[in-house]
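It should be emphasised that the depicted structure is a prediction, and the values quoted were computed from it without experimental measurement.
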Amino acid sequence: MGLGSDIDLQIVQLPVSYQKTKESVWKIWTTLQPLLTVHTGLASSSKAIIILEQCGKNKGYKEKDVCGYCPQDGCCLLDGPERLDSTIDMKTLWKTVAVEGIDILFSRDAGRYICDYTYYTSLYYGNRRAAFIHVPPLSKSVTADFLGRVLQLIILEMLKQCGRNRE
């Protein structure tokens with residue numbers, strides 16, 4: 001499985017911490033300078049559902065992270081816009097990609113916890129060239145191999161939107 005010989009895939013695991021995540025996302029954008037960053041997070045539902053998130057929200061973060069921290073004033077960035085949309089058209093992607101054995105949904109609300117916080121900060125630092133996908137937990141029907149192939153298909157479609165086609 002891959003994304004093509006001209007795509008340098010980097011995988012970075014982010015902590016469930018607002019501050020550490022913000023630092024890690026900033027570092028990804030400043031050091032790696034990617035064409036696109038695709039974040040994944042675990043969906044709270046145990047159903048076989050992939051959720052394509054369109055936008056990140058700046059305010060409303062009230063739940064503490066694993067370190068017991070909550071962002072100042074419940075904001076990702078105090079001077080940031082209320083909402084940032086990805087340059088990836090997730091609605092078009094949702095209409096384009098179909099995979100047997102898993103439902104794919106479109107969403108404009110990634111929640112107000114680490115997932116949405118990560119997405120918003122990545123959209124901000126990456127000039128909106130980020131995407132966020134909520135994935136289901138692994139199970140008998142959603143194996144790691146199956147989920148990997150589904151994500152590969154989705155990311156390849158995202159890369160097409162960025163003007164990159166697989167060789």
Side-chain angles (χ1 to χ4, degrees), residues 1-5 7-25 28 32 34-57 60-71 76 84-123 126 129-162 164 166:
M1 265 193 307
L3 298 173
S5 61
I7 302 296
D8 181 20
L9 177 66
Q10 300 283 325
I11 298 172
V12 178
Q13 184 173 352
L14 300 176
V16 184
S17 159
Y18 293 109
Q19 292 175 313
K20 291 177 184 175
T21 290
K22 185 186 267 186
E23 291 168 11
S24 297
V25 168
I28 288 167
L32 298 176
L35 168 70
L36 174 69
T37 297
V38 179
H39 302 278
T40 60
L42 190 62
S44 58
S45 169
S46 61
K47 297 178 184 175
I49 298 173
I50 297 249
I51 305 169
L52 306 173
E53 304 291 353
Q54 184 62 60
C55 57
K57 308 281 186 352
Y61 298 89
K62 297 175 183 169
E63 192 173 338
K64 292 181 179 180
D65 65 16
V66 295
C67 300
Y69 173 80
C70 191
C76 297
L84 289 171
D85 283 278
S86 175
T87 57
I88 300 297
D89 184 342
M90 294 296 208
K91 196 168 205 173
T92 296
L93 192 63
W94 165 64
K95 291 176 181 178
T96 305
V97 176
V99 179
E100 189 172 328
I102 196 158
D103 290 328
I104 299 176
L105 304 175
F106 169 77
S107 170
R108 290 186 177 276
D109 190 353
R112 292 300 184 289
Y113 193 50
I114 302 296
C115 291
D116 201 12
Y117 187 88
T118 300
Y119 194 24
Y120 182 89
T121 55
S122 192
L123 288 165
R129 294 184 335 253
F132 197 97
I133 304 169
H134 270 113
V135 298
L138 297 179
S139 65
K140 287 182 181 180
S141 62
V142 180
T143 64
D145 184 57
F146 176 73
L147 186 57
R149 284 184 277 128
V150 172
L151 289 173
Q152 177 190 37
L153 178 66
I154 291 170
I155 293 169
L156 287 170
E157 288 299 317
M158 288 178 181
L159 290 170
K160 285 181 186 175
Q161 286 190 24
C162 293
R164 300 287 295 261
R166 187 177 187 177

Residue pair L42 / P137, side-chain heavy-atom distance below 4.5 Å: yes
Residue list, side-chain hydrogen bond (donor to acceptor under 3.5 Å, both in side chains) with S107, at least two apart or on another chain: E53
Note, I133 side chain near H39 side chain (heavy atom, < 4.5 Å): no
Side-chain touch V66/P15, heavy atoms, less than 4.5 angstrom: no
Partner residues of T96 under the side-chain hydrogen bond (donor to acceptor under 3.5 Å, both in side chains) criterion, sequence neighbours left out: none
Minimal non-hydrogen separation, S86 against L123, with atom names: CA-CD2, 3.6 Å
Heavy-atom side-chain proximity of C115 to T118 below 4.5 angstrom: no
From CD1 (I102) to CZ (R149), nearest 0.5 Å: 11.0 Å
Heavy-atom closest contact (L36 atom, A131 atom, distance): CD1-N, 4.4 Å
Ring pair (Phe, Tyr, Trp, His ring centres under 6.0 Å) partners of Y119, counting only residues at least two apart: F132
Residues T40 and H134: side-chain donor-acceptor under 3.5 angstrom: no
Minimum side-chain heavy-atom gap T121-C76 below 4.5 Å: yes
From SG (C70) to CD (Q19), nearest 0.5 Å: 10.5 Å
Nearest-0.5 Å distance that lies between atom CG in L105 and atom CD1 in I50: 9.5 Å
Of all pairs that satisfy salt bridge (Lys or Arg N to Asp or Glu O under 4.0 Å), the ones with a partner from residues 101-117, not counting sequence neighbours: D85-R108, D109-R112, R112-D116
Working for side-chain contact (heavy atoms from CB on, under 4.5 Å), residues Q54 and D89: CA-CA 7 Å; Q54 184 62 60; D89 184 342; 4.3 Å; yes
Test side-chain contact (heavy atoms from CB on, under 4.5 Å) applied to I51 and I49, step by step: CA-CA 6 Å; I51 305 169; I49 298 173; 3.8 Å; yes
pair I114-S17: side-chain heavy atoms closer than 4.5 Å: no
Contacts of E23 that satisfy side-chain hydrogen bond (donor to acceptor under 3.5 Å, both in side chains) - sequence neighbours left out: none
Which residues share a side-chain hydrogen bond (donor to acceptor under 3.5 Å, both in side chains) with Q10, sequence neighbours left out: D8
Derivation of the side-chain contact (heavy atoms from CB on, under 4.5 Å) call for C162 and T87: CA-CA 8 Å; C162 293; T87 57; 5.6 Å; no
pair T143-L138: side-chain heavy atoms closer than 4.5 Å: no
Y61 and Y117 aromatic centres sub-6.0 Å: yes
Heavy-atom closest contact (D65 atom, Y18 atom, distance): OD2-N, 2.9 Å
Any I154 side-chain heavy atom under 4.5 Å of L52 side chain: yes
From CD1 (I7) to CG (L35), nearest 0.5 Å: 7.0 Å
R129 (side chain) donor-acceptor with P34 (main chain) under 3.5 angstrom: yes
Derivation of the side-chain contact (heavy atoms from CB on, under 4.5 Å) call for K95 and K91: CA-CA 6 Å; K95 291 176 181 178; K91 196 168 205 173; 4.2 Å; yes
